> 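Have a look at the structure that comes next, please.
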Amino acid sequence: MKITNNSVVGLTYELKVSKDEEEVESAPFSVEVRDGEDPFFFLFGNSGLPEKFEELLAGKAKGDSFNFIITAEDAYGQADEEMIMALPKDQFNSQNGFEPNMLEEGNFLPLIDENGFPMQAKVIKDLGEEILLDFNHPLVGFDLHFDGEVFEVREATEKELEHGHVHGEHGHEH
């Protein structure tokens, strides 16, 4: 069966990213590997990934390999200055589940956006009373290099279609 809308797709892949800027041409470095023990499953048409990613996979079947680059423009765009903000440090207290060492520069803080979705903010600087956070997607400004294989393609169950996401292969509710 081929990948079409509302099919459940399992992929194994390595994701590398690179920045293509005039002053720096970085070699792609690996940021995520999903292998046969931990494939990435998603509901096609609702993956939460850049649209281009799904476009490039459409019509493939189990065992097909893929290798493509999604440019930053087609992926998560460029960094937005407005997504960098200073917040009062006392919001990140232990009552809210934050430990002081989580606020070190360069760390990613696990946060929840206003719609209840998990998101990450990168700690840029400790300003004393406040902390400077970058809410841009961690892959903003990067070209995404996907190299992988279609692990599985199957029809989505009614329940999956209803919820818009895939249930774990072991029937765990997420």
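Computed from a predicted model, the values in this text were never measured in an experiment.
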> Can a donor-acceptor pair be found, under 3.5 Å and without considering hydrogens, that links the side chain of Asn101 to the backbone of Glu104?
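Pair absent, no side-chain N/O of Asn101 close to backbone of Glu104.
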> Apply side chain to side chain contact (heavy atoms under 4.5 Å, CB included) to residues Phe41 and Val9 and explain how you reach the verdict.
CA-CA 6 Å; Phe41 280 93; Val9 182; over 6 Å; no
> When you measure from the side chain of Lys16 to the backbone N and O of Phe146, does any donor-acceptor pair fall under 3.5 Å?
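Answer holds: no.
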> What orientation do Phe42 and Phe40 show, parallel under 30°, tilted 30 to 60°, or perpendicular over 60°?
parallel
> Following the transitive rule for hydrophobic clusters with a side-chain heavy-atom cut-off under 4.5 Å over Ile, Leu, Val, Met, Phe, Trp and Tyr, establish whether Leu49 and Phe68 coincide in one cluster.
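Same hydrophobic cluster.
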> Would you say that Ile69 contacts Leu144 through its side chain, given a criterion of any heavy-atom pair below 4.5 Å between the two side chains?
no
> Please answer whether the main-chain N or O of Asp35 pairs with a side-chain N or O of Asp38 as donor and acceptor at a distance below 3.5 Å.
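No: the side chain of Asp38 does not pair with the backbone of Asp35.
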> Can you find a heavy atom in the side chain of Leu87 that is under 4.5 Å from one in the side chain of Phe135?
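Counting from C-beta outward, Leu87 and Phe135 do come under 4.5 Å.
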> Just by distance, do the side chain of Asn115 and the backbone of Phe117 share a donor-acceptor pair under 3.5 Å?
no
> At their closest point, which heavy atom of Glu160 faces which heavy atom of Leu43, and how far apart are they?
O-CD2, 3.8 Å
> So do the side chains of Val153 and Val8 get within less than 4.5 Å of each other, counting heavy atoms only?
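Result no, sub-4.5 Å side-chain heavy-atom pair not found.
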> Ignoring hydrogens and angles, state whether a donor on the side chain of Thr12 or Glu149 is under 3.5 Å from an acceptor on the partner side chain.
no
> Do Asp143 and Ser18 touch side chain to side chain, with heavy atoms closer than 4.5 Å?
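Side-chain contact under 4.5 Å: yes.
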> Would you say the side-chain atoms of Glu54 pair up with the backbone N or O of Ser47, donor to acceptor, closer than 3.5 Å?
yes
> Less than 4.5 Å apart, side chain to side chain, heavy atoms only: is that true for Asp126 and Leu103?
no
> I'd like to know if Arg34 and Glu32 make a salt bridge, using a cut-off of under 4.0 Å between side-chain N and carboxylate O.
yes
> Can you find a heavy atom in the side chain of Asn136 that is under 4.5 Å from one in the side chain of Tyr76?
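Of all side-chain heavy-atom pairs linking Tyr76 with Asn136, none is under 4.5 Å.
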> How close do Val123 and Met102 get, heavy atom to heavy atom, and via which atoms?
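Taking Val123 first and Met102 second, the nearest heavy atoms are CG2-O, 4.1 Å.
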> Is there a path of hydrophobic side-chain contacts, each under 4.5 Å between heavy atoms of I/L/V/M/F/W/Y residues, joining Ile131 to Phe98?
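Phe98 and Ile131: one cluster.
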> Using side-chain heavy atoms (C-beta onward) and a distance below 4.5 Å, is Lys60 in contact with Phe66?
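Yes; the side chains approach each other to less than 4.5 Å.
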> I want to check something: taking the side chain as every heavy atom from C-beta on, are Met85 and Leu133 in contact at a cut-off of under 4.5 Å?
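Answer no - side chains too far apart.
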> Taking all atoms of both residues into account, what is the closest heavy-atom pair of Ala72 and Gly141, and its distance?
CB-C, 3.7 Å
> Provide the closest heavy-atom pair for Ser7 versus Thr4 in the form atom of the first, atom of the second, distance.
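So the minimum-distance heavy-atom pair works out to OG-O, 2.6 Å.
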